[in-house]
Amino acid sequence: MTYFSLKMRASEEDKHVSGGERIVEKENLEEVILELLNRPSSYDFLNIKVQKLKEIDYIEKSLDIKSYTFDNYLEANNFAISLLENAGIPRKISENYIWLLHTGAGELGNNMRGAMIVNLNGERLELDKSRGVRTTNVDFLNRKNIEKILLEKGFSLRTLDALALATKNLNHPDIIAEYCISDQQDYTTGYVAIKGLYNRISPLKKLNNPKGGRIYFVRNNTDIDKLYNYLQNKSFLIKDLGEIK
Ligand code: COA
Ligand code: AMP
């Protein structure tokens, strides 16, 4: 089967406002291009990239999903930090970088354009600390079906995309966990992906905080060039949805 990667990004006043991607068969290209074109509500620049994929791998199932609600973002982060600690990520390290994300981990306190990579010694490994690394080239094989199930269960399209991204991340043997908060100030739900589970946590950040980002916690001997290559260039289709717990 031949697949095409479709990538859309849009910006307004030089600020990234929307991004999305799909992996589709040729006969679905037109329909999905239109879908992506209509995704941002406003923009002054929009780019759509179409690329034939040379190789594709499959992941059998997405991470399982579990949801948690807390009274406030401090309690929620305490829980997130405990989840990370249970997987061997020292509390001090996760705390430090999580708070950095909440205050702007990029240059001059801006948001990064991708994820931070942190090892168990607490070292940041990104090649460019303002850019970070972006996970791309991942989609669900039967996206419409999975979308329907998730929407029926009360999840959003955001969860669908983030679940795909986190599933590709945790499929790499050196990535132990991912922590994520959105950079949209009114979206306070975040997640910790760890040990096969996408833990959706509300509220993981303070309302009206425009800072957000992702941290990938990795093993100490991670080959950073190979990790970048995996995250940016290897293409995956996820065949099925994990359990909703
Ligand atoms: N945040 C901020 N800026 C971004 C960005 C993002 N998420 N994605 C792209 N940009 C901007 C940056 O300025 C970037 O320059 P940089 O590489 O120096 O940071 C510039 O756009 C070009 O980025 P590039 O990676 O070449 O864009 P692309 O056309 O290949 O599109 C996206 C990439 C937007 C599709 C991808 O980054 C992304 O975020 N995909 C979503 C992943 C996802 O949800 N997958 C699940 C699907 S089911
Ligand atoms: P979002 O989930 O789109 O709200 O993005 C939240 C933060 O995650 C952004 O501010 C970026 O720092 C980071 N990010 C965005 N897209 C990606 C990606 N494809 N891979 C890794 N990190 C990303």
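Numbering of ligands and ligand atoms starts at 1, following listing order.
Between G114 and ligand 2, at least one pair of N/O atoms sits closer than 3.5 Å. In terms of N/O distances under 3.5 Å, ligand 1 is not approached by T135. Backbone and side-chain nitrogen or oxygen atoms of D183 are examined, and one is located within less than 3.5 angstrom of a nitrogen or oxygen of ligand 2. In terms of N/O distances under 3.5 Å, ligand 2 is not approached by R113.
Across all non-hydrogen atoms, the minimal contact from N111 to G212 is OD1-N, 2.8 Å. Considering all non-hydrogen atoms of both residues, P40 and L46 come closest at CG-CD1, 3.6 Å. Across all non-hydrogen atoms, the minimal contact from L63 to L163 is O-CD1, 3.8 Å. Contact record, S62 with I238: N-CG2, 3.5 Å, taken as the closest heavy-atom pair.
Among protein heavy atoms, the minimum distance from atom 28 (P) of ligand 1 is reached at K49 NZ, 3.6 Å. Atom 14 (N) of ligand 2 has as its closest protein heavy atom R214 NH1, 3.5 Å. Of the protein's non-hydrogen atoms, the one nearest atom 4 (O) of ligand 2 is S182 OG, 3.1 Å. At the shortest separation from atom 21 (C) of ligand 2 among protein heavy atoms lies Y216 OH, 3.1 Å. Atom 36 (C) of ligand 1 has its closest protein heavy atom at T136 OG1, 4.3 Å. The single protein non-hydrogen atom nearest to atom 20 (N) of ligand 2 is T135 N, 2.9 Å, given as residue, atom name and distance. Atom 23 (O) of ligand 1 has as its closest protein heavy atom R134 NH2, 3.0 Å. For atom 21 (O) of ligand 1, the closest heavy atom belonging to the protein is R9 CD, 3.3 Å. In terms of protein heavy-atom proximity, atom 33 (C) of ligand 1 is closest to K7 CD, 4.1 Å. Nearest to atom 7 (C) of ligand 2 among the protein's heavy atoms is G213 CA, 3.4 Å. Protein heavy atom closest to atom 11 (C) of ligand 2, with residue, atom name and distance, is M112 O, 3.6 Å. Nearest protein neighbour of atom 6 (C) of ligand 1, counting heavy atoms only, is H16 NE2, 3.3 Å. Looking from atom 46 (C) of ligand 1 to the surrounding protein, the closest heavy atom is D161 O, 3.5 Å.
The closest approach between a heavy atom of M8 and any atom of ligand 1 is below 4.0 Å. At least one heavy atom of I181 sits closer than 4.0 Å to an atom of ligand 2. At least one heavy atom of V133 sits closer than 4.0 Å to an atom of ligand 2.
Both the backbone and the side chain of E21 come within contact range of ligand 1, each with a heavy atom under 4.0 Å. Contacts between R113 and ligand 1 below 4.0 angstrom, taking non-hydrogen atoms only, involve backbone and side chain alike.
Aromatic ring centroids of F236 and Y58 lie 6.0 Å or more apart. Taking the six-membered ring for Trp and the full ring otherwise, F217 and Y179 have centroids separated by 6.0 Å or more.
Linking Ile, Leu, Val, Met, Phe, Trp and Tyr residues whenever their side-chain heavy atoms come within less than 4.5 Å places Y97 and I201 in a single cluster. Hydrophobic cluster membership differs between I23 and L157, with clusters built from Ile, Leu, Val, Met, Phe, Trp and Tyr side chains linked at under 4.5 angstrom.
Shown in contact with V138 at under 4.0 Å from a heavy atom are these atoms of ligand 1, numbered in order with element: 46 (C), 47 (C), 48 (S). Listed by atom number, the atoms of ligand 1 under 4.0 Å from A164 heavy atoms are 46 (C), 48 (S). Residue contact check: R143 has heavy atoms under 4.0 Å from atoms 48 (S) of ligand 1. The distance from ligand 1 to the heavy atoms of G20 drops below 4.0 Å at these ligand atoms: 35 (C). Heavy-atom proximity to L165, at under 4.0 Å, picks out these atoms of ligand 2: 18 (C), 19 (N).
Going from atom CG of N28 over to atom CD of E35 covers 9.5 Å, rounded to the nearest 0.5 Å. Taking CD of E126 as the start and CG of L227 as the end, the distance is 10.5 Å to the nearest 0.5 Å. Note: I33 CD1 to R22 CZ = 12.0 Å, rounded to the nearest 0.5 Å.
Stacking of R200 on the aromatic ring of F155 is not recorded, the 6.0 Å distance cut-off and the 45° axial limit not both being met.
With sequence neighbours left out, N121 forms a side chain to side chain donor-acceptor pair (under 3.5 Å) with N220.
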Under 3.5 Å, sequence neighbours excluded: what are the donor-acceptor pairs made by side chains of residues 2-19?
from, atom 1, to, atom 2, distance (Å)
K7, NZ, N137, OD1, 3.0
E12, OE1, S42, OG, 3.0
E12, OE2, S42, OG, 2.9

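With hydrogens and angles disregarded, a donor-acceptor distance shorter than 3.5 Å links the side chain of N72 to the backbone of E75.
Distance check on atom 38 (C) of ligand 1: every protein heavy atom falls at or beyond the 4.0 Å cut-off.
With T136 as reference, E21 is the one residue of E21, K234, Q232, K168 to meet the side chain to side chain donor-acceptor pair (under 3.5 Å) rule.
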